[in-house]
J.: 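Sending over a structure as structure tokens; questions will come in a sec.
Computed over heavy atoms, backbone and side chain alike; hydrogens, waters and symmetry mates excluded. Small disclaimer: the values here were computed from a predicted structure and weren't measured.
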2 protein chains.
Amino acid sequence: MKRLGLFLFVSIMFSVVHAQYKSPVINPDNSVTFHVYAPNAEEVKLKGSFAEPSILKIKTKAGTFGKDKTYSLKKEGDWWSYITKPLTSEMYTYKFVIDDEDCLDSLNINKIRDVDAFFNYFIIDGVPGSMYKTQDVAHGKLEKVWYPSNLNGMKQRRLYIYLPAEYDRNSGKRYPVLYLLHGSGGDETSWSDYGKACEIMDNMIAQGKAEPMIVVMPNGIVNLDAAPGESPYMDAKPTSNNVSSMMGKVEKVFVDEVVTFIDQQYRTQNDKAHRALAGLSLGGLQTIYISANHPEVFDYVGLFSAQTTNTLDNDVISRVKNVFNKVANIKSLFGKDSDPNGIEGIDTYKDFDIKLKAQFDAKPKLYYIAVGEEDFVKKLNDDFRLKLDAAGYKYEYNETDGSHSWENWRKYLLDFLPRIFK
Amino acid sequence: MKRLGLFLFVSIMFSVVHAQYKSPVINPDNSVTFHVYAPNAEEVKLKGSFAEPSILKIKTKAGTFGKDKTYSLKKEGDWWSYITKPLTSEMYTYKFVIDDEDCLDSLNINKIRDVDAFFNYFIIDGVPGSMYKTQDVAHGKLEKVWYPSNLNGMKQRRLYIYLPAEYDRNSGKRYPVLYLLHGSGGDETSWSDYGKACEIMDNMIAQGKAEPMIVVMPNGIVNLDAAPGESPYMDAKPTSNNVSSMMGKVEKVFVDEVVTFIDQQYRTQNDKAHRALAGLSLGGLQTIYISANHPEVFDYVGLFSAQTTNTLDNDVISRVKNVFNKVANIKSLFGKDSDPNGIEGIDTYKDFDIKLKAQFDAKPKLYYIAVGEEDFVKKLNDDFRLKLDAAGYKYEYNETDGSHSWENWRKYLLDFLPRIFK
């Protein structure tokens with residue numbers, strides 16, 4: 001037992017020595033202090049999704065969306081530090097750059113994956129930040145489920161489902177369903193991890209701002225059936241360039257596979273009035289086409305920084321085929337997507353104007369568009385709205401600061417939820 | 001549309017250029033090639049959980065358990081590489097060390113957290129490796145759930161539940177339950193992430209080697225209610241030194257809180273014959289005391305590299321109190337554990353010999369002990385077995401190669417599953 005006492009004591013003393021710095025520290029004025037141990041580094045920088053108020057408007061160029069602002073740290077002894085100006089309430093991501101090498105903050109346990117890279121994050125309390133934290137409210141549960149699929153020769157695909165806290169207590173009650181789609185580079189984990197969808201749902205329901213609902217978060221990438229590590233195809237990597245996922249295949253099978261599965265397995269209200277579909281970026285593109293091809297299925301439609309690509313209509317399809325023919329010899333790029341020429345989903349994009357008319361003739365309760373004023377898809381969204389305006393189709397529009405970022409997508413979800421199933 | 005064609009083409013070409021190397025590459029003879037881009041580095045090493053057959057027996061010292069073997073990479077141009085000798089089937093973890101700085105393999109998307117650090121991993125097919133991969137079999141689902149708890153002043157705590165594939169198809173059927181506990185430094189995510197418990201269950205059930213069962217994976221750390229990012233206490237960090245979790249608190253409330261919740265919420269077979277409890281390391285310690293305090297609850301008990309600490313009996317308790325009194329002034333180390341003096345759970349450890357006798361008098365169907373021959377808890381397990389032998393208590397014993405590692409814990413689960421609920 002002497003040994004146990006010594007072990008406890010040494011353990012505790014060890015922790016004390018290493019606890020001399022924390023990082024990040026959120027100061028009372030909401031400035032944030034970062035510390036990093038790098039005795040031999042020549043230069044340490046910080047790349048963060050936050051911009052200090054004085055320099056809030058960072059112009060992003062198409063293709064460099066989400067580029068983080070960089071700050072230089074100051075050396076004191078073996079440690080480097082940086083203090084931001086006071087930050088507004090938000091969930092922010094960051095990394096250190098030590099002598100040009102990206103490094104995570106080893107003092108911050110909160111890390112998150114985006115596409116194929118990890119970031120640290122922290123949350124500044126207030127609105128909206130506190131909505132992204134686990135609060136002392138009733139918690140729903142998250143289920144990680146496989147469902148049968150014929151997409152791309154995979155027999156089963158993965159989706160995540162949020163069930164509201166009351167779901168298990170009310171075994172006779174049926175619930176409306178929000179289908180929430182991720183972007184290119186994302187997967188079924190994106191909305192619950194980076195998007196904090198479960199925390200948002202718990203908090204919004206607890207505050208009476210959202211109806212208790214089921215939220216379904218499928219994997220919308222053709223050549224990935226599940227997030228890394230959970231797919232049988234362990235080499236298949238997320239990438240921001242999911243060309244094969246822009247060919248209509250996901251859209252084509254969505255209602256038959258995903259909606260049918262959910263209606264069979266869960267206590268859903270299985271009619272149009274109780275189904276919403278929303279997606280960000282690529283998921284926004286998918287939302288447009290899935291909902292237009294199925295005017296009878298969704299009463300609420302949400303486009304968050306959508307790749308509206310309203311240029312994608314009939315005359316485009318032959319050009320897409322051309323591009324694919326050119327690259328047919330580099331199949332392996334597409335992971336399990338053994339048939340990059342297989343654009344059998346492309347019909348989903350055909351005759352879009354006719355389909356859109358049918359969708360609006362069927363009078364959806366909400367067609368919602370949100371985009372940041374500096375988003376690289378802003379122009380595409382402007383064009384898309386002109387098209388809707390010209391046809392006299394009603395929609396709600398939310399234009400915000402900022403660009404193509406999770407800061408915006410989480411806010412759009414907060415804004416969208418009170419508008420559905422009312 | 002010209003723009004879309006160009007975008008697709010550039011995207012694809014970009015991928016081709018960067019695809020010149022993959023890492024890791026599993027060669028036909030199961031040697032593994034690593035590549036890392038580090039043009040300016042002076043030295044690049046690889047730390048891996050694998051040992052080549054010729055040097056398989058690495059001695060670990062108490063306290064340095066799980067220490068990885070280090071290999072030097074060779075430079076060619078801007079890239080460094082290393083080829084291992086052929087490896088046996090397994091899931092292996094590794095990291096690069098570039099000029100003394102730990103770095104993940106940016107070419108390998110498969111990453112996993114252990115305590116507060118991330119590692120890359122890869123799987124060599126065969127036995128047991130293929131058991132850790134998603135196969136083309138029926139998949140169960142994983143639920144991330146909050147349950148009510150009075151432990152440490154937190155109102156709700158997190159647990160993960162695996163439900164077998166047939167659970168939703170057989171709404172009239174009830175299932176046996178395996179409670180699976182993690183080690184110090186772990187949390188409710190450990191068994192499903194690092195332990196590949198869902199893949200193991202799916203594959204073992206599909207092969208008829210395990211009964212369809214519910215697997216419950218709670219968080220057994222007193223001052224953490226949930227894994228990082230999902231707890232309201234965002235500063236609370238996993239650590240290997242969970243002193244406050246060795247004071248009997250978790251053991252004391254386990255049956256009342258966790259088992260009761262599971263029996264209420266799921267279709268369990270809620271009797272002793274259909275409950276198993278197993279844990280690794282700290283979870284093994286908890287398994288010993290939970291099962292000994294409740295001889296009527298679990299018929300199957302599994303100790304995987306357990307911290308058996310059979311030295312911990314009545315005369316020890318006052319010494320533990322002393323240690324805690326000494327460090328009472330550094331409360332903040334314990335995160336939300338506002339009362340490090342609060343050893344109200346310590347009674348769970350009292351009168352262990354009497355409790356153990358009652359447990360074996362009640363004839364458990366299985367008392368299973370597994371440990372690696374080079375594990376730092378091997379001696380403790382030897383002593384514990386001597387105690388069982390002396391009393392004539394029957395147990396099954398599985399001594400393996402290796403030390404205190406997930407390689408062993410996954411294998412112990414594979415070995416344990418066919419022995420329960422038969």
J.: Using a 4.5 angstrom heavy-atom cutoff, name the option from B/I98, B/D136, B/D116 with the most pairs to chain A.
T.: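 Top count of heavy-atom pairs under 4.5 Å with chain A: B/D136.
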J.: Measure across B/S149 and B/R157 and return the closest heavy-atom pair with its distance rounded to 0.1 Å.
T.: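 That would be OG-CD, 3.3 Å.
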J.: Check each atom of B/Y147 against the heavy atoms of chain A and say whether the ones under 4.5 Å are side chain, backbone, both or neither.
T.: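 Contact with chain A: none, neither part.
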J.: Among A/K141, A/Q156, A/H139, which has the most heavy-atom pairs under 4.5 Å with chain B?
T.: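 It is A/H139.
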J.: Which heavy atom of A/Y194 sits nearest a heavy atom of A/D114, and at what distance?
T.: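 Closest approach of A/Y194 to A/D114: CE1-CB, 3.2 Å.
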J.: Side chain, backbone, both or neither: which part of B/F118 has a non-hydrogen atom closer than 4.5 Å to chain A?
T.: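 The answer is the side chain of B/F118.
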J.: Which one wins on heavy-atom pair count under 4.5 Å against chain A: B/M234, B/K111, B/Q265?
T.: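 Of B/M234, B/K111, B/Q265, B/M234 has the most heavy-atom pairs under 4.5 Å with chain A.
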J.: Charged N to carboxylate O below 4.0 Å: is that the case for B/D187 and B/R158?
T.: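 No, B/D187 and B/R158 are not salt-bridged.
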J.: For A/Y121, is it the side chain, the backbone, both or neither that has a heavy atom under 4.5 Å from a heavy atom of chain B?
T.: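 Side chain only.
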J.: For a quick test of reading the model, state the closest non-hydrogen atom pair linking B/C198 to B/L142 and the distance between them.
T.: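 Taking every non-hydrogen atom into account, SG-CD1, 3.7 Å.
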J.: How are the rings of A/F261 and A/Y266 set to each other: parallel, tilted or perpendicular (split at 30° and 60°)?
T.: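 Plane angle over 60°, so perpendicular.
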J.: Nearest heavy-atom pair of B/G185 and B/P238: which atoms, and what distance?
T.: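 Closest approach of B/G185 to B/P238: O-CB, 3.8 Å.
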J.: Counting only non-hydrogen atoms closer than 4.5 Å, does B/N110 touch chain A with its backbone (N, CA, C, O), its side chain (CB onward), both, or neither?
T.: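 For B/N110, side-chain heavy atoms alone lie under 4.5 Å from chain A.
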J.: Name the region of B/I123, side chain, backbone, both or neither, that has any atom closer than 4.5 Å to a heavy atom of chain A.
T.: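 When you check distances to chain A, only side chain atoms of B/I123 fall under 4.5 Å.
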J.: Which atoms of B/Y132 are under 4.5 Å from chain A, going by heavy atoms: the side chain, the backbone, both sets, or neither?
T.: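 It is neither, since no heavy atom gets under 4.5 Å.
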J.: With the threshold set at 4.0 Å, does a side-chain nitrogen-carboxylate oxygen contact exist between A/R113 and A/D193?
T.: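 No salt bridge links A/R113 with A/D193.
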J.: Give the minimum heavy-atom separation between B/P232 and A/T134, together with the two atoms involved.
T.: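 Residues B/P232 and A/T134, closest heavy atoms: CB-O, 3.3 Å.
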J.: Please classify the contact of B/V137 with chain A as side chain, backbone, both or neither, using a heavy-atom distance under 4.5 Å.
T.: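 B/V137 touches chain A through backbone heavy atoms alone.
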J.: Quick one: which of A/I109, A/N108, A/V145 has the most heavy-atom pairs under 4.5 Å with chain B, could you say?
T.: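 With the most close heavy-atom pairs to chain B, the winner is A/I109.
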